[in-house]
Amino acid sequence: MPQLETRQFGVLDYQPETVLEFPAGIPAFEHERRFLPVEQAATSPFVFLQSLATPELMFLTLPALLVEPGYRLDLAQEDLELLGLSAAPQRIDQDVHCLAIVTVQPDGRLTANLLAPVVINPKTRQAVQALQPGYSPQHPLPDGEVPCS
Amino acid sequence: MLVIRRKPGETVLIGDSIEVEILDASPNRVTIGIRAPADVLVLRKEILIARSENQAAARALPPELLDSILSRFQQRER
């Protein structure tokens, strides 16, 4: 089993088929194409997205539906093409998985980026950071805490 | 802000070298085509926001801060 060096978790064993491929990279990190989702019982429901190329690069994420139970996706044609999906409705947790990147703001508040969620086609493991205008890039997590799963 | 009404197929010029053509319009989506010199950056505005938010989110969290975030949640779950 291949191993991956990470800042947060030390050296991790991982299954190559679980790696997410971002054909377009993500904004500001266009050269980062491969991330490993790390989910551990001790850190549930957080999902860490660990770069395969850069041990120091890790994003803290939460399932978008935990952050906002009414969250709906309206994916642009170019994102559908990157994901290899048809234009049919994209039901979160059924057709696609959807993660919101969490930021610790300088004042300590936790916010989730619902404007630009990470959308994953679970069948192909292809992923994009899609834009969903109308949602906030800094959606507050209540009391700086995170919702229960 | 300058407001101009255009129909699909019509064009707006910005300076000498930038053309914006309305290709299609539906009640909730407009498709536009932009002709601009290669050195002019054309971006959906949300991309800039996503860039800066990604940079902020990628800042390494001190381990003790991450532990406190995780333990705050775990306390709440019990």
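Computed from a predicted structure; not experimentally measured. So that the names make sense, note that chain A is the first sequence line, chain B the second, and so on, each numbered from 1.
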Considering non-hydrogen atoms only, spot the tightest contact between R51(B) and A28(A) and give its length.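 The answer is NH1-N, 3.5 Å.
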Can you see which heavy atom on V102(A) is nearest to which on A57(B), and at what distance?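 Taking every non-hydrogen atom into account, O-CB, 3.8 Å.
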Can you tell which part of I47(B) gets under 4.5 Å to a heavy atom of chain A, answering side chain, backbone, both or neither?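 For I47(B), heavy atoms of backbone and side chain both lie under 4.5 Å from chain A.
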Between chain B and each of Q105(A), M58(A), Q129(A), E56(A), count heavy-atom pairs under 4.5 Å; write down the option with the most.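 Winner by heavy-atom pair count: Q129(A).
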What part of [X] gets within 4.5 angstrom of chain B, counting heavy atoms only: side chain, backbone, both, or neither?
X: E32(A); result: neither
X: S51(A); result: neither
X: F48(A); result: side chain

Hey, quick one: are [X] and [Y] part of the same hydrophobic cluster, counting side-chain heavy atoms closer than 4.5 Å, chains of contacts allowed?
X: L2(B); Y: V12(B); result: yes
X: I92(A); Y: L85(A); result: yes
X: Y135(A); Y: I101(A); result: no
X: V104(A); Y: F59(A); result: no
X: I120(A); Y: F22(A); result: yes

Quick one: CD on E53(B) to CG on L114(A), what's the gap to the nearest 0.5 Å?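 The CD atom of E53(B) sits 10.5 Å away from the CG atom of L114(A).
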Separation of N113(A) CG from N54(B) CG (nearest 0.5 Å):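 One finds 6.5 Å between CG of N54(B) and CG of N113(A).
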Under the criterion side chain to side chain contact (heavy atoms under 4.5 Å, CB included), I'd like the reasoning laid out for R29(B) against D74(A): C-alpha separation, chi angles, the key distance, then a yes or no. CA-CA 12 Å; R29(B) 189 161 293 198; D74(A) 180 15; 3.2 Å; yes
Would you find more than 12 non-hydrogen atoms of other residues, nucleotides or ligands less than 6.0 Å from [X] atom [atom1]?
X: R6(B); atom1: CZ; answer: yes
X: E5(A); atom1: CD; answer: no
X: D107(A); atom1: CG; answer: yes

Is the closest side-chain heavy-atom distance between T31(B) and Q77(A) below 4.5 Å?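 T31(B) does not reach Q77(A) side chain to side chain.
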